[in-house]
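Quantities reported herein were computed from a predicted structural model and do not represent experimental measurements.
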Amino acid sequence: MTAYLDNSATTKPCKECTDAVCRMLSENWGNPSSLHNLGIHAMKEIVTARTVIADSLGADKEEIIFTSGATEANNIAVFGAAKAKKRLGNRIVTTAIEHESVLQSAQELEKQGFEVIYLKPDKFGNISENQIIEAVNSSTILVSIMYINNEVGSILPVRSIQRAVKKANAPALIHIDCVQAYGKIPINAKKLGADLISISAHKVHGPKGIGALYINKSANLTNQNFARVFGGEQERKIRPGTENAPLIAGFAAAVKNIDLSSVQKQKIKELNAYAKSRLSEIKGLTFNSGENASDYIINVYVPTFMRSQTILQELSANYGIFVSNGSACAKGKKSHVLTAMNLDNEILDKSIRISFCRNNTKEDIDLLADALKDLIKKHPRS
């Protein structure tokens with residue numbers, strides 16, 4: 001038996017997604033920019049998909065730009081907003097626990113002379129509304145804060161960003177990385193007050209290599225403000241090049257199968273509670289995720305002499321259990337999120353992330369808890 005509990009890294013594509021991708025590759029393979037029937041039929045699929053994604057965000061289809069994934073979407077959002085607003089101010093507000101695609105973009109803008117404020121979390125990865133209000137001033141041109149942290153699951157007060165911007169009378173654009181929130185909680189771009197929202201297909205049982213960026217019509221994030229690729233009219237010139245119609249169709253098929261019902265919410269809530277109950281049986285194990293974190297993510301310290309990367313390898317090779325030690329994009333590096341939370345080196349070195357999806361069961365949790373108990377018994381902390 002195996003248990004896949006690394007859904008914050010990626011999810012298994014649903015059948016509807018793989019069917020859509022295969023259909024586009026084998027039957028509807030025309031270039032969407034071609035003006036003959038094959039091209040027109042492919043373009044119709046993209047228009048339909050764009051509408052599906054837009055509806056899921058309470059947006060208009062013209063406000064959705066398809067990208068190669070959330071990393072590219074985050075880059076376009078951060079650099080595009082900075083370039084669009086640079087004449088109106090110099091300050092960018094973000095947090096120290098953002099995804100690397102936002103953090104490294106902000107660090108690059110610092111080198112270019114922008115002032116970047118990195119809000120620090122508490123020991124459970126929380127950022128307060130007051131921190132955001134105090135950081136945003138009249139020269140702030142961008143506030144980029146994730147909705148749900150990808151490593152510890154902390155839910156950040158993104159709804160307060162718009163109030164902070166208005167209070168400071170700032171010209172700021174608001175970017176929210178919704179990768180870990182999309183498909184798990186309802187998201188409405190207008191109600192969030194967001195100008196820019198990043199999402200990814202492979203976190204919602206869609207294909208890898210495709211994501212989207214919501215750009216509010218009033219944000220004016222055009223290729224005159226941001227351009228890294230030239231030579232095409234596609235995606236409003238913001239991301240030109242032949243559209244990846246198969247993956248776009250697969251993305252839309254997955255989105256159609258997102259379950260935001262109260263039944264699904266309760267299922268994950270119960271799964272989270274059961275996991276915490278079983279894991280609490282392990283002496284010395286502690287939780288890095290707070291009580292108010294997303295039910296989809298639990299980050300724990302494992303009391304063993306092995307470092308987290310070895311724990312993962314042992315669980316995978318000997319028990320058929322798949323978890324992670326943080327963001328998959330970090331490739332095994334020490335977690336910048338746990339570091340920002342000011343946790344001890346012992347915890348930094350021996351923590352793992354457990355993340356759920358709609359396919360997980362209590363049996364998966366039992367396999368994990370029993371495996372960790374056995375692993376710690378064989379390799380106790382010295």
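- A donor-acceptor pair is defined here as one N or O able to donate and one able to accept, closer than 3.5 Å; such a pair exists between the side chain of S355 and the backbone of S8.
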Steps toward side-chain contact (heavy atoms from CB on, under 4.5 Å) verdict (L372, L315): CA-CA 8 Å; L372 285 175; L315 288 174; 4.1 Å; yes
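- Minimum interatomic distance between N150 and H99 (heavy atoms only, all atoms of both residues): ND2-CD2, 4.1 Å.
- Side-chain contact between H175 and V102 is present, with at least one heavy-atom pair separated by less than 4.5 Å.
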Using the rule given for side-chain contact (heavy atoms from CB on, under 4.5 Å), can you reason through E129 versus R159, listing the C-alpha separation, both sets of side-chain angles and the distance that settles it, and then say yes or no? CA-CA 9 Å; E129 181 176 343; R159 293 182 182 274; over 6 Å; no
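- By the 4.5 Å heavy-atom criterion applied to side chains, K123 and N288 are not counted as neighbours.
- Counting heavy atoms of neighbouring residues, nucleotides and ligands inside a 6.0 Å radius, atom CD of Q112 exceeds 12 of them.
- Each of M24 and M43 belongs to its own hydrophobic cluster when Ile, Leu, Val, Met, Phe, Trp and Tyr are linked at side-chain heavy-atom distances under 4.5 angstrom.
- For the pairing with S56, the side-chain contact (heavy atoms from CB on, under 4.5 Å) check across V255, L260, T51, I258 returns one residue only, V255.
- Between Y4 and F322, the ring planes lie tilted relative to each other; the angle falls in the 30° to 60° range.
- A donor-acceptor pair shorter than 3.5 Å cannot be found between the side chains of Y118 and Q107.
- Across every non-hydrogen atom of G125 and S154, the tightest pair is O-OG, 2.7 Å.
- Using a 4.5 Å heavy-atom cutoff, the side chains of I199 and I53 are in contact.
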Quick one, V93 with S144, criterion side-chain contact (heavy atoms from CB on, under 4.5 Å). Give me CA distance, side-chain angles, the key distance, then yes/no. CA-CA 6 Å; V93 175; S144 179; over 6 Å; no
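- Of all the heavy atoms in A77 and L196, the pair that sits closest is O-CD1, 3.9 Å.
- Counting only N and O atoms by type, the side chains of D259 and S261 include a donor and acceptor under 3.5 Å apart.
- Judged purely by distance below 3.5 Å, without hydrogens or angles, the side chains of Y274 and D366 pair a donor atom with an acceptor atom.
- Looking at E314 and K378, no side-chain N of the basic residue comes within less than 4.0 Å of a carboxylate O on the acidic one, giving no salt bridge.
- There is a side-chain donor-acceptor pair under 3.5 Å between E270 and Q266.
- Electrostatic pairing of R353 and D6 counts as a salt bridge here, judged by a charged N lying under 4.0 Å from a carboxylate O.
- A salt bridge between K373 and E281 is present, with a side-chain N of the basic residue lying under 4.0 Å from a carboxylate O of the acidic one.
- Under 4.0 Å is where a charged nitrogen must lie from a carboxylate oxygen, and between K61 and D55 no such pair does.
- Within the 4.5 Å cutoff, the side chain of Q162 has no heavy atoms near those of the K191 side chain.
- Electrostatic pairing of D60 and K217 counts as a salt bridge here, judged by a charged N lying under 4.0 Å from a carboxylate O.
- Put simply, the side chain of I365 reaches to within 4.5 Å of the side chain of L271, judged on heavy atoms.
- For the pair K350 and Y301, the cation does not sit on the ring face, since its NZ or CZ is not both under 6.0 Å from the ring centre and inside 45° of the axis.
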Any chance you could lay out the side-chain hydrogen bond (donor to acceptor under 3.5 Å, both in side chains) test for S294 and Q180, step after step, and finish with the verdict? CA-CA 9 Å; S294 167; Q180 297 297 337; over 6 Å; no
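- Between the side chains of H202 and T10, at least one donor-acceptor pair of N or O atoms lies under 3.5 Å.
- For the pair S198 and N74, the tightest heavy-atom approach, listed with the atom from each and the gap, is OG-OD1, 2.7 Å.
- With a 4.5 Å cut-off on side-chain heavy atoms, V337 and N299 do not count as touching.
- Using a 4.0 Å cut-off between charged side-chain N and carboxylate O, K190 and E63 make a salt bridge.
- When all heavy atoms of V21 and G250 are compared, the pair lying nearest together is CG2-CA, 3.8 Å.
- Electrostatic pairing of D295 and K184 does not count as a salt bridge here, judged by no charged N lying under 4.0 Å from a carboxylate O.
- Here the side chains of I148 and L156 are not in contact, with every heavy-atom distance at 4.5 Å or above.
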Determine, step by step, whether T339 and K334 satisfy the side-chain contact (heavy atoms from CB on, under 4.5 Å) criterion, reporting the C-alpha distance in whole Å, the side-chain angles of both residues, the deciding distance to 0.1 Å, and the verdict. CA-CA 8 Å; T339 300; K334 187 173 290 188; 4.2 Å; yes
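- Looking only at atom types and distance, the side chain of T310 has no donor-acceptor partner in the side chain of Q313 under 3.5 Å away.
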Run the side-chain hydrogen bond (donor to acceptor under 3.5 Å, both in side chains) check on N359 and N7 step by step: do they pass? CA-CA 10 Å; N359 300 328; N7 292 281; over 6 Å; no
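- Within the 4.5 Å cutoff, side-chain heavy atoms of I64 are placed close to those of Y214.
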